[in-house]
**Student:** 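Just passing along the structure, written as structure tokens.
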Amino acid sequence: MSTVHAARIHWSTEQLQQGLPAGNQTIDPVWLEAARPRIDEGWSLVCEFEQPPVQQGNPSLAHVHFALNDAPQDWLRPGTWLCMFERATQQYARRDPGLTIATCHLSRR
């Protein structure tokens, strides 16, 4: 299993309107912030929540790791922003100034 990291998940406005996940775990594709989804390689990120996001609100704290051991572990370092695919909105999120989107921000423990 890959190393587990602390992260803060920032949900998009559309996801907030549709409702935050009610489970304690999600597995969704992520890309580096500058990547182009469907063109550049993405990896499945496992997000484990002590309390479901629906109870935590936005942002939600999680422990994250890649689903596959051969994923690029260097992506998971403090300060990295990852863009997530949102199942509820079927969109590839991006981080833009002044816009709330679904991102994963790796933080120090």
Side-chain angles (χ1 to χ4, degrees):
M1 184 164 115
S2 58
T3 305
V4 176
H5 300 271
R8 184 169 274 124
I9 311 299
H10 298 263
W11 305 99
S12 72
T13 302
E14 293 84 3
Q15 180 71 59
L16 293 172
Q17 292 170 348
Q18 292 187 27
L20 295 176
N24 286 15
Q25 183 184 73
T26 62
I27 303 172
D28 293 297
V30 295
W31 292 263
L32 286 174
E33 184 177 25
R36 299 162 299 170
R38 293 190 185 188
I39 297 171
D40 295 327
E41 192 168 48
W43 291 89
S44 294
L45 186 73
V46 178
C47 299
E48 297 175 337
F49 305 95
E50 290 184 24
Q51 291 184 321
V54 71
Q55 292 178 359
Q56 291 189 54
N58 190 36
S60 301
L61 301 178
H63 292 95
V64 301
H65 62 88
F66 284 119
L68 300 173
N69 290 333
D70 59 343
Q73 300 300 319
D74 61 318
W75 284 17
L76 300 181
R77 63 182 178 278
T80 299
W81 285 90
L82 300 174
C83 294
M84 300 176 68
F85 177 77
E86 291 186 305
R87 280 187 257 170
T89 66
Q90 296 295 298
Q91 295 182 28
Y92 299 94
R94 296 224 176 268
R95 186 166 72 105
D96 296 315
L99 177 66
T100 304
I101 49 73
T103 58
C104 174
H105 185 237
L106 282 289
S107 55
R108 298 189 192 287
R109 286 194 183 244

**Student:** Distance from E41 atom CD to W31 atom CH2, nearest 0.5 Å?
**Tutor:** 11.0 Å

**Student:** Report the C-alpha separation of I9 and Q56 in whole Å, then their side-chain angles, then the decisive distance to 0.1 Å, and conclude whether the side chain to side chain contact (heavy atoms under 4.5 Å, CB included) test is met.
**Tutor:** CA-CA 11 Å; I9 311 299; Q56 291 189 54; over 6 Å; no

**Student:** Return the set of residues passing side-chain hydrogen bond (donor to acceptor under 3.5 Å, both in side chains) with Q25 (not counting sequence neighbours), or none when no residue passes.
**Tutor:** E48

**Student:** Honestly curious: do I27 and W75 fall in one hydrophobic cluster under the side-chain, below-4.5 Å linking rule?
**Tutor:** no

**Student:** Counting the benzene-type ring for Trp, do W81 and H10 have ring centres under 6.0 Å apart?
**Tutor:** yes

**Student:** Restricting to side-chain hydrogen bond (donor to acceptor under 3.5 Å, both in side chains), what partner residues turn up for T26, sequence neighbours left out?
**Tutor:** none

**Student:** Which heavy atom in Q18 sits nearest to a heavy atom in A88, and how many Å separate them?
**Tutor:** OE1-O, 3.0 Å

**Student:** Could you please spell out the steps behind the side chain to side chain contact (heavy atoms under 4.5 Å, CB included) verdict for V46 and V4?
**Tutor:** CA-CA 9 Å; V46 178; V4 176; over 6 Å; no

**Student:** Look up atom CZ in F66 and atom CG in L76, then write down how far apart they are to the nearest 0.5 Å.
**Tutor:** 4.0 Å

**Student:** Same hydrophobic cluster for L45 and L61, using side-chain heavy-atom links shorter than 4.5 Å among ILVMFWY?
**Tutor:** no

**Student:** To the nearest 0.5 Å, tell me how far H5 NE2 sits from H63 NE2.
**Tutor:** 11.0 Å

**Student:** Working to the nearest 0.5 angstrom, can you tell me the gap between Q73 CD and T3 OG1?
**Tutor:** 6.0 Å

**Student:** What pairs of residues pass the salt bridge (Lys or Arg N to Asp or Glu O under 4.0 Å) test when at least one of them lies in residues 50-72, not counting sequence neighbours?
**Tutor:** none

**Student:** Could you tell me the separation between the CH2 atom of W11 and the CG atom of L20, rounded to the nearest 0.5 Å?
**Tutor:** 6.5 Å

